[in-house]
Number of protein chains: 2
Amino acid sequence: MPDANRGLDDGNVIAVMRKLGIAARAAARTLALAPAPQKDAALEAMARAIEAHEAAILAANALDVTDSIARNQLASFVDRLTLNEKRVTGIAQAIREVAAQPDPVGRVLATWKRPNGLEFERVSTPLGVVGVIFESRPNVLADAAALCLKAGNASILRGGSESFRTCVEIAKALRTGLQAAGLPEASIQMVPTADRAAVGAMLAGLDGTIDVLVPRGGKNLVARVQAEARVPVFAHLEGINHVYVHAGASLDMAIPLVLNAKLRRTGVCGAAETLLVDQAVAPSFLKPLVKALLDAGCEVRGDSRTLAVDPHVKPADDTDWTTEYLDAIISVKVVPGIDAALAHIDRYGSHHTDAIVTGDEEAAKRFLNEVDSAIVLHNASTQFADGGEFGFGGEIGIATGRMHARGPVGAEQLCSFKYKVRGQGTVRP
Amino acid sequence: MPDANRGLDDGNVIAVMRKLGIAARAAARTLALAPAPQKDAALEAMARAIEAHEAAILAANALDVTDSIARNQLASFVDRLTLNEKRVTGIAQAIREVAAQPDPVGRVLATWKRPNGLEFERVSTPLGVVGVIFESRPNVLADAAALCLKAGNASILRGGSESFRTCVEIAKALRTGLQAAGLPEASIQMVPTADRAAVGAMLAGLDGTIDVLVPRGGKNLVARVQAEARVPVFAHLEGINHVYVHAGASLDMAIPLVLNAKLRRTGVCGAAETLLVDQAVAPSFLKPLVKALLDAGCEVRGDSRTLAVDPHVKPADDTDWTTEYLDAIISVKVVPGIDAALAHIDRYGSHHTDAIVTGDEEAAKRFLNEVDSAIVLHNASTQFADGGEFGFGGEIGIATGRMHARGPVGAEQLCSFKYKVRGQGTVRP
């Protein structure tokens with residue numbers, strides 16, 4: 001138990017959390033009006049403070065890592081938790097990249113004039129207070145806090161308990177940056193207890209002080225937040241992403257694209273999980289596509305047509321089409337044409353990211369129009385599903401819901417808007 | 001009890017509602033791809049069918065009205081329920097106005113290119129399935145269904161039970177219009193039972209088939225939906241709207257503007273409820289402002305300064321600043337300056353619509369920037385808080401939340417978006 005606060009009873013945790021909410025709301029009012037240079041100065045000071053606190057951060061992290069190893073956590077878990085000098089530098093650099101983005105607040109999104117002379121302006125404003133619930137990846141604390149600050153939002157951040165001591169040290173550095181720029185310390189608040197009741201309080205929205213929740217972590221965390229949150233959530237549960245190799249594709253383009261979509265990194269939400277091959281090209285394409293995947297070390301689970309091209313292919317069952325492997329495994333199916341491909345994606349997909357490979361512009365147009373996913377690509381890898389790759393200077397996550405933000409959620413998507421209306425003493429008849 | 005279905009037990013209601021949800025989701029898929037002329041043809045056919053069904057609609061309405069009078073409903077309630085030939089024509093006309101708007105789906109919201117050659121497009125898409133829960137105002141059924149259809153959304157509509165027979169007849173006409181244009185009948189579904197369990201099922205989101213809920217009615221309905229909904233809600237609980245007469249105002253502009261903001265219609269959410277008068281001009285402005293309000297038949301509840309200017313002013317207590325009168329009553333307070341006005345609005349307002357009257361551009365700029373409301377006006381009446389007045393061709397409601405839609409919710413705000421990305425076989429390094 002790395003934290004004395006764990007001894008708080010539930011009532012105390014609720015009281016502590018309520019205070020965070022009230023402080024965050026007050027800070028959000030100040031932040032909403034903070035000029036861009038002040039926010040950027042805070043971000044730069046935060047980056048410098050992360051670098052200056054490196055020794056303290058690494059020392060705290062070493063304790064967290066030792067405990068996690070002692071508790072027999074998975075190696076991948078420990079890897080995500082572990083910091084080193086390079087990773088601390090990366091955290092500071094990511095904050096500077098957020099600072100370098102244009103200010104998302106105060107953009108004039110639309111202007112128009114009505115016949116009665118009223119002039120309308122739709123102008124971007126911050127969302128308010130963002131709650132972030134993340135697993136034991138300490139870099140998420142700094143990334144998320146920086147993006148929220150850039151968009152003029154206060155943030156309340158609750159990290160996995162195994163990263164508690166690391167997060168405390170990172171939060172200290174972030175606070176130093178806020179102080180240096182004269183912004184309220186409550187602009188970024190780490191939940192000061194590892195008690196799980198704090199998560200429940202955040203899911204309930206802290207008496208209306210949290211405007212939106214962002215869960216960052218595995219499927220179990222996201223599912224819980226989506227099921228229990230009483231406030232809006234930006235998230236995706238899973239990325240069951242497809243690459244459809246259409247009849248008009250070239251094999252030369254399809255092979256490297258499929259390999260990249262599946263294997264560049266298998267653990268990211270933008271990784272492809274299913275390959276659909278049009279039957280018009282299956283006789284010539286299927287075997288080399290499967291061979292390329294197998295040669296690259298990918299397990300292939302196929303339908304009967306796919307099984308027939310290589311003895312190393314394993315049979316796919318119906319659960320394979322709805323499985324996010326997040327591993328070097330791919331399901332492969334031959335489809336009669338674009339209608340069948342669209343129907344498969346609609347039935348089994350998760351509305352995250354799907355790609356078509358084809359030289360046929362009409363087919364590409366249909367695919368991009370008709371696939372109901374946040375991100376649809378033509379002749380590009382699904383692994384571009386990432387705010388950085390979109391040019392957003394980072395992302396707080398990827399959303400598959402259709403409300404407010406969809407796809408990568410960057411600083412711009414962490415904004416709301418208001419209407420400014422100017423008259424000349426104009427009254428309504 | 002106007003409806004045989006009221007005898008359904010809760011389990012049956014849930015089963016009926018679940019079917020509606022599944023059918024709506026399927027219809028939404030078709031609607032999302034329906035070309036604009038097909039949607040507009042459906043709307044025109046719906047308007048014609050409303051006119052053609054006028055006799056049946058009025059006959060059903062007469063039964064609903066008779067029952068409501070027999071049950072001793074308030075006169076204002078019965079008025080909202082009652083249709084006549086002119087109101088039926090108005091319903092048809094409102095549908096035609098929605099048809100005349102530009103198609104909100106498929107708009108290119110942004111385009112950009114990345115250094116790796118990827119071309120990005122952010123394109124508007126429908127939201128999906130909209131649930132509308134409204135009180136006994138039958139015109140809302142047609143208005144809301146038409147706006148949803150325009151934006152490519154399926155709708156599930158549940159009206160107040162006292163308007164059930166009227167709504168059944170209006171829904172028949174809407175269905176006729178859908179059939180005429182070859183769109184799925186399930187594009188617009190009225191809840192086929194007046195059983196209250198149906199509302200509970202909608203609040204739960206019908207197994208994820210409802211994407212957003214829109215309550216239309218009084219504060220009790222909206223509060224219940226906001227408290228219990230498991231899906232996002234577009235709504236405002238109340239409009240505690242302010243007119244701030246600043247030191248730089250002219251009395252000639254302030255008087256008609258305040259009268260219009262308060263009294264043009266007192267029952268609408270954009271009506272002003274509180275007048276704030278800057279102390280710099282109070283000595284000369286307060287008395288004529290109060291007199292104009294009293295002369296127009298408005299009750300004035302004032303602070304001590306306001307009480308002193310006219311014996312007909314009643315004392316305001318602290319609850320007056322948080323009361324949405326929706327009546328010919330106004331609360332009046334003298335404030336020391338713009339900071340105090342901003343603080344009052346922040347503390348007591350409902351983030352709906354607030355106006356400043358001033359000739360001072362700097363003060364106007366501060367007010368428009370700093371008041372955290374969906375709509376902020378300079379030298380214009382708060383009664384412009386209306387989608388029609390914004391040029392949206394109608395509205396499904398006004399939202400005070402900061403997520404997705406804020407202010408008047410028209411067809412454009414009933415849309416989501418997706419990213420279309422085009423490469424040349426582009427893979428991620």
Side-chain angles (χ1 to χ4, degrees), chain A residues 29 32-33 106 112 114 116 118 120 123 125-128 211-212 232 250 252-254 256-257 259-261 264 346 357 364 368-370 372-381 383-384 386 389-391 401-404 406-408 416-429, chain B residues 29 32-33 106 112 114 116 118 120 123 125-128 211-212 232 250 252-254 256-257 259-261 264 346 357 364 368-370 372-381 383-384 386 389-391 401-404 406-408 416-429:
Chain A
R29 270 188 222 109
L33 303 172
W112 67 99
R114 295 284 297 163
N116 59 7
L118 283 184
F120 288 80
V123 179
T125 64
L127 265 182
D211 292 295
V212 61
S250 83
D252 284 350
M253 183 186 286
L257 200 148
L259 289 178
N260 186 266
R264 176 187 156 271
D346 190 52
V357 187
L368 297 189
N369 279 338
E370 298 190 23
D372 180 24
S373 294
I375 304 168
V376 280
L377 306 112
H378 174 208
N379 291 346
S381 168
Q383 299 247 353
F384 285 110
D386 175 90
E389 293 298 319
F390 272 56
R402 291 190 197 83
M403 300 294 296
H404 193 91
R406 198 180 189 199
S416 179
F417 60 83
K418 75 202 252 187
Y419 294 97
K420 296 182 179 179
V421 187
R422 293 179 178 88
Q424 307 84 34
T426 318
V427 299
R428 186 169 170 190
Chain B
R29 269 188 225 110
L33 303 172
W112 68 97
R114 296 284 297 163
N116 59 7
L118 283 184
F120 288 78
V123 179
T125 64
L127 265 182
D211 292 295
V212 61
S250 84
D252 284 350
M253 184 185 286
L257 199 148
L259 289 179
N260 185 266
R264 176 187 156 272
D346 191 51
V357 187
L368 297 188
N369 279 339
E370 298 191 21
D372 180 23
S373 293
I375 305 169
V376 281
L377 305 113
H378 174 209
N379 292 345
S381 168
Q383 299 249 351
F384 286 109
D386 174 271
E389 293 298 319
F390 273 57
R402 292 192 196 81
M403 300 295 296
H404 192 91
R406 197 181 191 200
S416 178
F417 59 82
K418 74 203 263 187
Y419 293 97
K420 296 182 180 179
V421 187
R422 293 179 178 87
Q424 307 83 33
T426 319
V427 298
R428 186 169 170 189

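Letters A, B, ... mirror the listed sequences (proteins, then strands); counts begin at 1. As a basis for the values below, the full set of heavy atoms in this structure was taken, side chains included, without hydrogen atoms, waters or symmetry mates.
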Do you know the tightest heavy-atom contact between [X] and [Y]?
X        : Y        : result
A:Phe390 : B:Trp112 : O-NE1, 2.9 Å
A:Pro408 : B:Tyr419 : CD-CE1, 4.1 Å
B:Lys418 : A:Leu368 : NZ-O, 2.7 Å
A:Val427 : B:Leu257 : CG1-CA, 3.7 Å

Point-to-point distance, once rounded to the nearest 0.5 Å, from [atom1] of [X] to [atom2] of [Y]:
X        : Y        : atom1 : atom2 : answer
B:Arg402 : A:His404 : CZ    : NE2   : 11.0 Å
B:Leu33  : A:Glu370 : CG    : CD    : 5.0 Å
A:Lys420 : B:Ile375 : NZ    : CD1   : 14.5 Å

Pick one of side chain, backbone, both or neither for [X], based on which atoms fall under 4.5 Å of a heavy atom in chain B.
X        : answer
A:Asn379 : both
A:Phe120 : side chain
A:Gln424 : backbone
A:Val212 : side chain
A:Ser250 : neither
A:Arg428 : both
A:Arg406 : both
A:Leu118 : side chain

Quiz item: Under a 4.5 Å heavy-atom cutoff, which of A:Val123, A:Leu259, A:Asp372, A:Asp346 has the most pairs with chain B?
Solution: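 Ranked by heavy-atom pairs under 4.5 Å with chain B, first place is A:Asp346.
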Quiz item: When heavy-atom pairs shorter than 4.5 Å are enumerated against chain B, which of A:Ala374, A:Ser381, A:Ala261, A:Ala32 gives the highest number?
Solution: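 Sorted descending by pairs with chain B, the first entry is A:Ala374.
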Practice problem: Take B:Asn116 and A:Glu389 through the test side-chain contact (heavy atoms from CB on, under 4.5 Å) and record every step on the way to the result. | Solution: CA-CA 9 Å; B:Asn116 59 7; A:Glu389 293 298 319; 4.2 Å; yes
Quiz item: Could you go step by step and tell me if B:Phe384 and A:Val421 meet the side-chain contact (heavy atoms from CB on, under 4.5 Å) rule?
Solution: CA-CA 9 Å; B:Phe384 286 109; A:Val421 187; 5.7 Å; no
Quiz item: B:Val357 versus chain A, heavy atoms under 4.5 Å apart: side chain, backbone, both or neither?
Solution: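 Neither part.
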Exercise. With a 4.5 Å cut-off on heavy-atom pairs, point out which of B:Arg264, B:Met253, B:Arg422, B:Arg29 contacts chain A the most.
Key: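 The candidate making the most pairs under 4.5 Å is B:Arg264.
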